[in-house]
2 protein chains.
Amino acid sequence: MTYTIKEVSEKVGLSIYTLRYYDKEGLLPFVARNEAGYREFTDGDLNIIHTICCLKNTGMKISKIRQYIGDVMAGPDSIEDRQQLLHDHREKILEQQRILSENLKEIDYKLDIYDAPNAGDIISRELQFAEAEKRANALVDPYIKTLPGR
Amino acid sequence: MTYTIKEVSEKVGLSIYTLRYYDKEGLLPFVARNEAGYREFTDGDLNIIHTICCLKNTGMKISKIRQYIGDVMAGPDSIEDRQQLLHDHREKILEQQRILSENLKEIDYKLDIYDAPNAGDIISRELQFAEAEKRANALVDPYIKTLPGR
DNA sequence: CTAAACCCTAGAGAATACTCTAGGGCAAGC
DNA sequence: GCTTGCCCTAGAGTATTCTCTAGGGTTTAG
């Protein structure tokens, strides 16, 4: 049982274009071709592609994924290299998680203000501070003036 | 008290190039200029730039950040728009977090294998499976053969 | 046998976010 | 006044990851 590129595209959620691009970039050296030159994907191939997606989804660059796949193709001799590569990548994921949750906190802080019942007052005050600071430094006030409704 | 672009660069961790690029892209309309055309950053400006970094660090595109900044410049009338924008972005961050931890699980699963004392055996068996599958489908075996050491 | 639906490659194009260069002005210390 | 180190703009160049087009074979259903 093998799959066509279209079937794989639907299974893994990558466009046919992307799959061919990945192949061109050396990410799919394990995919065999039939007599007509068509790619034939096995279930084992799908497993590796799944791993490629994991690495991609966590921000690994194509060139690094190619390196990992190269290791996989090389067989058991490359286990240490793969181990190292994945451990390093794991650290990068943890770092990404740290950055995301840290920045999320700040965004939540801003949302608390916007969601407050007196958001208008708070924001108006902030704006007045900013304008006062510009004036204090003899700078142009860049904020948009709305005419007072009468 | 105002800051030069170099000082801001050091404070916020963006290169001078990037700051100028952001200005060109409309992310810093609040930064005033002195008589010579030099940018003069206030502390309030630094606060907004900090927010820009939060949005950028969590994957927001420049064009979207520009929209948010446009709202900020418009004053309190735009609070609902900012609220909406940040709430939507918040959801995207949660989604990113979900994707990261899901994929991290899979990578940890692979690392468990590579870190196991019998990793060599497991990997060899996987490889044999993959090769058998290729043979079963009358496909070329793409895996690298190492000569048996004698 | 023919049309529709696939498959292929090579290479151009696009989107995003920088990064740098060229050419020139300004400011501070000696 | 001159050098050094900043500052400016405009625009070219780079890196990455797709995405699509052109041109051409293959497969399948009727």
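Every heavy atom of this structure was used, including side-chain atoms; hydrogens, water molecules and symmetry mates were not. Chain A is the first sequence line, chain B the second, and so forth, proteins listed ahead of strands; every chain is numbered from 1.
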Student: Looking at Asp108(A), Asp112(A), Asp115(A), which hits salt bridge (Lys or Arg N to Asp or Glu O under 4.0 Å) with Arg90(B)?
Tutor: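 In the set Asp108(A), Asp112(A), Asp115(A), the residue that makes a salt bridge (Lys or Arg N to Asp or Glu O under 4.0 Å) with Arg90(B) is Asp108(A).
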
Student: Between dC8(C) atom P and Tyr17(A) atom OH, what is the distance in whole Å?
Tutor: 13 Å

Student: What is the separation between atom CD on Glu25(B) and atom P on dG11(D), rounded to the nearest whole Å?
Tutor: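 The answer, rounded to whole Å, is 14 Å.
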
Student: Which part of the nucleic acid, if any, lies within reach of Lys61(B) when heavy atoms closer than 4.0 Å are counted: base, sugar-phosphate only, or nothing?
Tutor: sugar-phosphate

Student: To the nearest Å, give me how far apart CD1 (Ile16(B)) and P (dC18(C)) are.
Tutor: 15 Å

Student: Find the distance Glu10(A):CD to dC6(C):P and express it as a whole number of Å.
Tutor: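 My rounded result for the distance is 9 Å.
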
Student: Any side-chain to backbone donor/acceptor pair from Thr4(B) onto Glu7(B)? Under 3.5 Å, distance only.
Tutor: yes

Student: Is any side-chain nitrogen or oxygen of Thr4(B) closer than 4.0 Å to OP1 or OP2 of dC6(D)?
Tutor: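 No, no such contact exists.
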
Student: Both Lys56(B) and Glu35(B) contact DNA chain C. Which one's nearest nucleotide lies toward the 5' end?
Tutor: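 First, find each residue's nearest nucleotide; the 5'-ward one identifies Lys56(B).
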
Student: So which nucleotide from dT19(C), dT9(D), dC18(D) ends up closest to the side chain of Arg39(B)?
Tutor: dT9(D)

Student: Could you tell me whether Lys6(A) contacts a base, only the sugar-phosphate backbone, or nothing, with contacts defined as non-hydrogen atoms closer than 4.0 Å?
Tutor: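 Counting heavy atoms under 4.0 Å across all strands, the contact made by Lys6(A) is with sugar-phosphate only.
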
Student: What's the NZ-C1' distance between Lys24(B) and dA17(C), to the nearest Å?
Tutor: 12 Å

Student: Using a heavy-atom cut-off of 4.0 Å across all strands, would you classify Ser63(B) as base, sugar-phosphate, or nothing?
Tutor: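 Result for Ser63(B) = nothing.
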
Student: Glu40(A) CD to dC8(C) P: how many Å, rounded?
Tutor: 10 Å

Student: What nucleic acid atoms does Arg33(B) come within less than 4.0 Å of, heavy atoms only: base, sugar-phosphate, or nothing?
Tutor: sugar-phosphate

Student: Nearest whole Å is fine: how far is dT26(D) P from Ile5(A) CD1?
Tutor: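 After rounding, the reported distance stands at 17 Å.
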
Student: Specify the residue among Thr18(A) and Ala36(A) whose closest nucleotide of DNA chain D lies further upstream toward the 5′ end.
Tutor: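 Its nearest nucleotide lies further toward 5', so the answer is Thr18(A).
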
Student: Salt bridge between Glu40(A) and Arg33(A), side-chain N to carboxylate O under 4.0 Å?
Tutor: no

Student: Could you check whether Lys64(B) gets within reach of a base, just the sugar-phosphate, or nothing at all, counting any heavy atom under 4.0 Å?
Tutor: nothing

Student: Count the heavy atoms belonging to other residues, nucleotides or ligands that lie under 6.0 Å from CD of Glu102(B), then report whether that count exceeds 12.
Tutor: yes

Student: Closest heavy-atom contact between Tyr143(B) and Lys145(B)?
Tutor: O-NZ, 2.8 Å

Student: Give the rounded distance in Å between these two atoms: CG of Leu28(B) and P of dC18(C).
Tutor: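 Taking CG of Leu28(B) and P of dC18(C), I get 12 Å after rounding.
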
Student: Taking only the side-chain heavy atoms of Tyr38(A) (C-beta and beyond), determine which of dT26(D), dT9(C), dC18(D) contains the nearest atom.
Tutor: dT26(D)

Student: Kindly say if Arg20(B) contacts the phosphate of dC8(D), meaning a side-chain N or O under 4.0 Å from OP1 or OP2.
Tutor: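 Yes, because at least one side-chain N or O of Arg20(B) sits under 4.0 Å from OP1 or OP2 of dC8(D).
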
Student: With the side chain of Ser15(A) defined as its heavy atoms from C-beta on, choose the nearest nucleotide among dT19(D), dT17(D), dT21(C).
Tutor: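 The nucleotide sitting nearest to the side chain is dT19(D).
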
Student: Test side chain to side chain donor-acceptor pair (under 3.5 Å) on Gln84(B) and Asp88(B); report intermediate values, then the result.
Tutor: CA-CA 6 Å; Gln84(B) 177 77 56; Asp88(B) 290 354; 3.2 Å; yes

Student: Here's a test of your reading of the structure: between Tyr22(A) and Asn34(A), which maps to the more 5' nucleotide of DNA chain D?
Tutor: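 Nearest nucleotide further toward 5': that of Tyr22(A).
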
